[in-house]
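Side chains included, hydrogens not; waters and symmetry mates left out as well; all remaining heavy atoms used. Remember, predicted model here, so these are calculated numbers, not experimental data.
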Amino acid sequence: NKRLRWINGNKWDVQESLAHLKRTETFLDEYGCRTISIDDIRPMLDLKFWCAFGTDKVGRPNLYCKMAGFLPNHATL
């Protein structure tokens with residue numbers, strides 16, 4: 001059950017879990033994470049240390065960061 005895992009992740013503190021959930025929802029809305037598309041992140045993908053593999057159930061892109069790409073000799077800035 002996702003709710004129990006969320007509460008467990010907050011050390012079984014129900015009030016803190018609710019506050020954390022509200023902060024998470026605010027962050028997602030504030031930064032437009034719910035409406036992101038591949039076109040929005042295309043400039044980051046061109047830097048060679050981000051890659052997108054498919055989408056989630058809602059259609060948002062799944063992004064992965066290749067840490068080796070952060071090395072100065074690999075990044076194309």
Side-chain angles (χ1 to χ4, degrees):
N1 187 316
K2 292 179 183 179
R3 285 172 261 183
L4 286 177
R5 285 193 314 219
W6 185 271
I7 295 169
N8 181 21
N10 286 284
K11 300 179 183 168
W12 295 102
D13 185 339
V14 176
Q15 293 303 320
E16 177 55 32
S17 297
L18 182 58
H20 187 194
L21 182 61
K22 289 178 181 179
R23 288 191 306 270
T24 300
E25 292 291 321
T26 301
F27 173 86
L28 292 173
D29 291 336
E30 197 172 297
Y31 289 96
C33 296
R34 299 181 195 276
T35 59
I36 193 169
S37 72
I38 287 289
D39 294 330
D40 295 332
I41 60 166
R42 181 71 56 205
M44 289 189 291
L45 293 175
D46 293 338
L47 293 176
K48 306 287 190 235
F49 52 79
W50 289 102
C51 53
F53 290 109
T55 58
D56 65 6
K57 292 179 182 179
V58 182
R60 296 170 296 210
N62 293 325
L63 296 177
Y64 296 91
C65 177
K66 298 184 283 184
M67 294 307 289
F70 281 111
L71 298 173
N73 58 339
H74 290 87
T76 56
L77 299 176

Checklist line | Partners meeting side-chain contact (heavy atoms from CB on, under 4.5 Å) with Leu18 (sequence neighbours left out) | finding: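 Listed in chain order: Lys22.
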Notebook entry, point to check: Which salt bridge (Lys or Arg N to Asp or Glu O under 4.0 Å) pairs, counting each pair once, include a residue from residues 9-19, with sequence neighbours left out?
Noted result: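 Matches after skipping sequence neighbours: Glu16-Arg23.
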Next item on the list: If you link ILVMFWY side chains whenever their heavy atoms are less than 4.5 Å apart, which other residues fall into the same cluster as Val14? By chain and number, please.
Entry: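 Other cluster members: Leu4, Ile7, Trp12.
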Check: Hydrophobic clusters join Ile, Leu, Val, Met, Phe, Trp and Tyr when side-chain heavy atoms are under 4.5 Å apart, directly or via other members; which others share one with Phe27?
Finding: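 Listed partners: Leu28, Tyr31.
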Notebook entry, point to check: How many angstroms lie between atom NE2 of His20 and atom CD of Glu25, to the nearest 0.5 angstrom?
Noted result: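 Reported to 0.5 Å precision, the distance equals 10.5 Å.
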